2 protein chains.
Amino acid sequence: MDQFAQPRLKMADVARIAGVSVATVSRALAGSPLVSEETRARIEAAVRDTGYVVNQVASGLRLQRSRQILVLLPDIANPFFGEVVLGIEEEAQRQGFGVLIGNTARNPEREAALARQFQTGAVDGLVLLTGHKPPGIPPTRLVGVSEHIADPAIAVVSIDNRAAAREAVTYLLALGHRKVAHIGGPTGNILTQQRHAGFLDALGGDADPALVQFGDYSIASGEAAMHALLPAQPTAVFCSNDEMAIGAIRAARASGLHVPHELSVVGFDDIPFAGAYDPPLTTIRQPRRDMGRVAARVLLAALDDQDMPRPAVLPHTLIVRASTGPADGK
Amino acid sequence: MDQFAQPRLKMADVARIAGVSVATVSRALAGSPLVSEETRARIEAAVRDTGYVVNQVASGLRLQRSRQILVLLPDIANPFFGEVVLGIEEEAQRQGFGVLIGNTARNPEREAALARQFQTGAVDGLVLLTGHKPPGIPPTRLVGVSEHIADPAIAVVSIDNRAAAREAVTYLLALGHRKVAHIGGPTGNILTQQRHAGFLDALGGDADPALVQFGDYSIASGEAAMHALLPAQPTAVFCSNDEMAIGAIRAARASGLHVPHELSVVGFDDIPFAGAYDPPLTTIRQPRRDMGRVAARVLLAALDDQDMPRPAVLPHTLIVRASTGPADGK
DNA sequence: TTGTACGCGTTATCAT
DNA sequence: ATGATAACGCGTACAA
């Protein structure tokens with residue numbers, strides 16, 4: 001009952017069936033003008049009849065390029081990345097490139113295995129959503145998205161995180177809040193630093209240390225950080241991402257505080273669930289799909305030109321929803 | 001200033017440096033015992049010095065296998081898949097396989113491009129999280145996860161969706177609910193049908209049509225479906241996934257109903273946000289990571305044995321949280 | 001317009 | 001234990 005897969009056709013098979021040489025088949029399939037209409041038709045018929053598809057591995061070996069790019073994700077479960085990937089795919093497809101995704105899971109071994117796909121020509125370029133270049137590969141044919149890469153030779157497509165954070169906090173101040181707290185991510189993280197800097201900017205330079213906590217961008221860590229902040233009695237908190245903002249809301253509620261009447265909460269990213277949470281989250285929206293599109297465009301241009309891709313800064317938006325309100329609670 | 005990437009080393013370069021033939025280098029790198037310790041050391045030194053890595057494309061062409069598998073996702077933004085992918089990666093890595101991810105985005109063109117990666121040997125096997133086999137490829141070296149595949153030759157790793165749905169609804173009945181509604185997914189979808197069947201099972205065979213609505217597994221569609229159900233005054237609703245459950249809660253609240261006092265809501269999947277929502281969602285947990293692990297195991301076994309993989313049914317769990325309560329509202 | 005033949009970087013066979 | 005060489009399947013000079 002078990003059908004054995006028939007050995008896959010090669011170009012020579014198609015050539016034989018069409019009564020031509022492999023060279024002609026290759027040319028016909030590549031759309032070369034050096035093929036008569038009549039032979040082209042015969043070849044196309046043979047391809048249709050047999051269901052032949054060109055072997056991308058052999059072709060890639062010969063051409064030294066695969067027309068594939070690989071997107072490296074640190075955490076495939078992070079809802080931030082989905083839309084970025086869609087943007088990348090959109091632009092790549094437009095330019096005839098395929099997109100593969102690799103999940104490093106912050107595991108050096110997996111990252112190395114994926115980097116090898118790049119080093120050995122299985123993919124032509126890399127989009128880094130991981131915030132760092134895999135060790136041991138040259139900083140060329142790479143582009144970063146969202147998070148800055150330590151290697152200055154690598155262009156990054158992002159928003160102005162510092163300005164966005166400043167804007168979010170300024171908004172809270174405009175609502176009359178005077179004790180604005182901040183929950184950041186891991187302190188070593190560049191995004192954390194940029195958004196923290198924007199927080200300080202808005203406050204005029206420095207903040208009460210009792211009003212600043214750092215988590216790890218998870219809901220649980222936001223919850224813990226908010227519990228630690230509550231004794232200082234902030235009336236508003238700016239969180240470095242939406243997950244921690246949700247955690248902050250949970251902690252506030254657990255302590256009997258109403259959001260937004262007694263505590264305003266601002267997130268960052270506008271992940272898919274942000275608008276569906278109760279209350280819907282006020283947050284900074286990153287143009288994720290555009291970021292992906294631009295990143296792909298920058299990378300693919302660099303593949304052709306061989307010259308250094310330029311970084312791009314895209315506009316963010318403050319999305320005001322129901323997790324924030326006036327300082328006096330109405 | 002622009003460093004040109006040095007042309008990549010080939011095995012012949014390493015051979016030259018180590019003063020041996022490429023055949024010996026190949027053997028040494030493959031761990032063959034037919035290499036003297038002394039030459040092996042020289043070769044390893046050369047590899048370290050140069051940073052040489054074997055070209056997987058050339059190797060794959062020669063060996064006719066890549067030791068890579070490709071996971072096909074219908075929607076990379078769907079939070080259900082993250083943990084499944086982790087399970088797949090875990091097992092694949094254990095067996096020395098790499099994992100790539102392809103997002104079809106329900107776009108036939110992208111799906112075809114990804115299927116070609118498989119057809120042409122860039123990857124050895126396919127894990128389908130899409131619910132269907134890409135057209136035009138033989139049903140071998142494939143395994144499905146979660147959703148049944150139309151082609152009976154393809155093994156699927158899943159839970160017993162019908163039994164799980166029955167269990168969820170039975171739990172609601174045990175709480176004293178008599179008007180239990182259901183929000184399903186697209187009616188053509190197999191998961192929708194199985195979970196709907198389980199809903200009917202628990203009710204003893206049939207349900208009031210006014211208590212059944214179908215959405216598209218999105219939050220918005222759950223919201224719309226719940227609005228349509230409200231006139232029938234259900235005291236509980238079983239939703240075919242967590243997103244629609246969240247939508248149902250939003251709709252109930254918008255109509256002034258308290259969850260769970262006036263309406264109990266059960267979801268399905270236990271996506272990462274389910275426990276963090278307010279109220280935390282009662283739902284059916286699928287053992288996502290295990291499903292991924294088992295799927296990888298089944299697929300990789302099939303790659304060796306050439307025989308048909310066997311389907312697997314894994315245990316689900318009803319997770320009771322705060323979105324459900326007794327029918328009398330306390 | 002078409003065909004012949006070589007090379008892309010490996011691995012395996014067959015010598016030695 | 002090691003080396004020469006033929007494949008793997010394709011693309012492209014070069015020849016015809």
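Quantities reported herein were computed from a predicted structural model and do not represent experimental measurements. Reminder, nothing fancy here: chain letters follow the sequence lines and each chain counts from 1.
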Indicate, with a heavy-atom threshold strictly under 4.0 Å, whether [X] touches base, sugar-phosphate, or nothing.
X: Thr120(A); result: nothing
X: Leu34(B); result: base
X: Val57(B); result: nothing
X: Ser26(A); result: base

Start and end of the DNA chain C segment that chain A contacts, any atom under 4.0 Å from a heavy atom: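 In short, chain A contacts DNA chain C from dT1(C) to dG9(C).
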N-O pairing of Asp13(A) and Lys10(A) below 4.0 Å: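 Salt bridge flag = no for Lys10(A) with Asp13(A).
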Charged N to carboxylate O below 4.0 Å: is that the case for Asp290(B) and Arg293(B)?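 Arg293(B) and Asp290(B): salt-bridged.
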If the helix axis at each end comes from five base pairs, how far does the helix from dT1(C)-dA16(D) to dT16(C)-dA1(D) deviate from straight, to 10°?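 That helix gives 40° between its end axes.
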Close side-chain approach of [X] to [Y], heavy-atom, < 4.5 Å:
X: Pro74(B); Y: Phe81(B); result: yes
X: Val143(B); Y: Ile88(B); result: no
X: Ile17(B); Y: Asp49(B); result: no

Please tell me which of Thr39(B) and Leu61(A) maps to the more 5' nucleotide of DNA chain D, matching each residue to the nucleotide holding its nearest heavy atom.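 The residue closer to the strand's 5' end, by nearest nucleotide, is Thr39(B).
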Expected output: side-chain Arg116(B) to main-chain Val54(A) donor-acceptor under 3.5 Å: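 Judged by distance alone, no pair lies under 3.5 Å.
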Any donor-acceptor pair under 3.5 Å linking the side chain of Arg288(B) with the backbone of Phe80(B)?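 Yes.
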Using the side-chain contact (heavy atoms from CB on, under 4.5 Å) rule, pick out the option among Val25(A), Val20(A), Thr24(A) that qualifies with Val14(A).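 In the set Val25(A), Val20(A), Thr24(A), the residue that makes a side-chain contact (heavy atoms from CB on, under 4.5 Å) with Val14(A) is Val25(A).
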So where does chain A start and stop touching DNA chain D, 5' to 3', when the test is distance under 4.0 Å to a non-hydrogen atom?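 It runs dG9(D) to dA13(D).
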Contact nearer the 5' end of DNA chain C, comparing Val53(B) with Arg27(B):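 In this pair, the answer is Val53(B).
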Any side-chain donor-acceptor pair under 3.5 Å between Arg8(A) and Gln119(B)?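 No, Gln119(B) and Arg8(A) have no side-chain donor paired with an acceptor closer than 3.5 Å.
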Under 3.5 Å, is there a donor-acceptor pair linking the side chains of Gln117(A) and Gln68(B)?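 Side-chain D/A pair, Gln117(A) to Gln68(B): present.
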Distance from Ile76(A) atom CD1 to Leu86(B) atom CG, nearest 0.5 Å?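 Answer rounded to 0.5 Å: 7.5 Å.
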